[in-house]
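We use all heavy atoms of the structure for the numbers below, so side chains are in, but hydrogens, waters and symmetry mates are not. The first residue in the sequence is number 1, and the count goes up from there.
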Amino acid sequence: MVNRLTVDDLSFSYGSTPILKGISISDVAPGCITAVIGPNAAGKTTLFKCLAGLLKPRGSIRLDDAELREMGGANVTRRVGYLPQEGPVNAVLTVFEALLLARKHTMSWRVSDDDLAVAGQVLRDLDIEHLSLRYLNELSGGQKQMVSIAQVLARDPQVMLLDEPTSNLDLQRQLEVLDLLRSVTAVRGMITLISLHDLNLAARFADHFVVMTEGKIYASGDAACVLTPGMLRDVYQVNASVRVDDDGITQVTPISSARTKNGAVASASRLPSLD
């Protein structure tokens, strides 16, 4: 089990275009959901690809005391489960075969009874057992998204990186999937980072927030500290009201764009340091 994920002064550029600019994260706790939020082009996907070992940034990423860049590829794949925004490829595979293939990334090609049991249990947990014999190219976008989530869970990683896992799902499925991910994270003591655009959904299921904008960390902390009118104006460029509902969950209501007529963003005081 990974007890600590530490990111120190992480930077990454595509050619001459900087995407990540000195990202440092040290307060990601196992057993909790960390929501990574921010507008489009904030750098969230690039950060996840760096954490998954798919890109080679400057700076440091450590799992406990081990530097990610010094691990073998198979070791990273075994420990870190990454769900990209793109769904599974339309390979000539059934859903059940796709889950078994996900299990084989770090094991022998022999399918064990344990592999079969895990794949079946994940399908039942996500309520998609009825899709097990369907081919991937026959599935809808939402069904493919569920299969992608199932593949990550079937691998039983120590760290989960889920980039917009609910983007193609209806509201009922979004709630069910995030509830399951929160339960699995807590029971297995995993480190789970989820990128979400729906702030109210994030506030309901996340224990901790990391706010990104323009390739930098704007703020981190719990919902009460992070989801504020000032942050929403600075980062999302909207005027919004923020309240806490009867269940103690922060709720955001957008009101209007914070841009002036000439396209500039109205000024707002930034959040104080949460260090």
Side-chain angles (χ1 to χ4, degrees), residues 12 17-25 27-28 32-49 83-85 141-142 145 161-175 177-179 181-182 192-275:
F12 183 83
T17 304
I19 305 298
L20 301 180
K21 308 167 187 176
I23 298 289
S24 294
I25 303 171
D27 46 3
V28 176
C32 298
I33 297 286
T34 295
V36 181
I37 63 173
N40 290 334
K44 303 185 296 296
T45 293
T46 299
L47 173 63
F48 277 32
K49 288 181 177 180
L83 171 66
Q85 290 186 22
Q145 189 82 347
L161 308 170
L162 308 175
D163 196 356
E164 290 293 328
T166 60
S167 59
N168 292 317
L169 306 181
D170 60 34
L171 182 57
Q172 180 187 19
R173 278 296 196 186
Q174 290 179 33
L175 295 171
V177 166
L178 288 173
D179 191 52
L181 292 174
R182 181 170 61 180
T192 299
L193 282 74
I194 302 181
S195 170
L196 290 170
H197 276 300
D198 188 325
L199 300 183
N200 289 325
L201 206 58
R204 180 167 294 276
F205 289 98
D207 306 285
H208 185 78
F209 286 78
V210 173
V211 185
M212 293 186 64
T213 184
E214 299 179 349
K216 300 177 181 179
I217 300 294
Y218 176 92
S220 64
D222 61 20
C225 292
V226 168
L227 298 180
T228 67
M231 183 280 287
L232 293 162
R233 180 175 294 182
D234 284 347
V235 173
Y236 287 92
Q237 301 170 14
V238 298
N239 297 311
S241 64
V242 179
R243 67 179 183 89
V244 177
D245 67 17
D246 294 338
D247 295 323
I249 298 172
T250 301
Q251 296 290 298
V252 174
T253 303
I255 298 172
S256 65
S257 171
R259 287 184 179 274
T260 62
K261 291 183 179 179
N262 64 6
V265 179
S267 62
S269 59
R270 296 182 68 84
L271 283 173
S273 173
L274 298 176
D275 295 338

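Counting only distance, with no hydrogens or angles, the side chain of Lys44 and the backbone of Val36 share no donor-acceptor pair below 3.5 Å. In terms of modelled atom types and a separation under 3.5 Å, the side chain of Asp245 and the main chain of Asp247 share a donor-acceptor contact. Formation of a donor-acceptor pair under 3.5 Å by the Thr166 side chain with backbone atoms of Leu169 is not found in this model. Panel note: side chain Gln251, backbone Ala203; no donor-acceptor pair is recorded below 3.5 Å.
Listed by first and then second residue, the salt bridge (charged side-chain N to carboxylate O under 4.0 Å, His left out) pairs involving residues 209-219 amount to none (not counting sequence neighbours).
Taking OG of Ser257 as the start and CZ of Arg233 as the end, the distance is 10.0 Å to the nearest 0.5 Å. Atom NZ of Lys49 and atom CG of Asp163 lie 8.5 Å apart (nearest 0.5 Å). In this structure, OG1 on Thr34 lies 7.5 Å from CG on Asp27, to the nearest 0.5 angstrom. Atom CG of Asp222 is separated from atom CG of Asp207 by 10.0 Å, given to the nearest 0.5 angstrom.
Using a 4.5 Å heavy-atom cutoff, the side chains of Ile23 and Met212 are in contact. Here the side chains of Phe209 and Leu199 are not in contact, with every heavy-atom distance at 4.5 Å or above. Side-chain contact between Ile194 and Pro165 is present, with at least one heavy-atom pair separated by less than 4.5 Å. The shortest side-chain heavy-atom distance between His197 and Asn40 falls under the 4.5 Å cut-off.
Across all their heavy atoms, Ala202 and Ala35 have their closest contact at CB-CB, 4.1 Å. Thr192 and Leu162 make their closest contact through CG2-CD1, 4.4 Å (heavy atoms, listed as atom of the first residue, atom of the second, distance). Scanning all heavy atoms of the two residues, the minimum distance from Ala223 to Thr250 falls at CB-OG1, 3.7 Å. Residues Thr213 and Tyr218 approach most closely at CG2-CB, 3.9 Å, considering heavy atoms. Residues Glu164 and Gln145 come closest through the heavy atom pair O-NE2, 2.9 Å. Smallest separation of non-hydrogen atoms from Ile255 and Ser241: CD1-N, 3.8 Å.
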Give the C-alpha distance, both sets of side-chain angles, the deciding distance and a yes or no for side-chain contact (heavy atoms from CB on, under 4.5 Å) between Leu193 and Leu47.
-> CA-CA 11 Å; Leu193 282 74; Leu47 173 63; 5.5 Å; no

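In this structure, the side-chain contact (heavy atoms from CB on, under 4.5 Å) partners of Arg182, at least two apart in sequence or on a different chain, are Ile33, Asp179, Phe205.
Of the candidates Val211, Val235, Leu232, Val210, Val211 is the only one forming a side chain to side chain contact (heavy atoms under 4.5 Å, CB included) with Val226.
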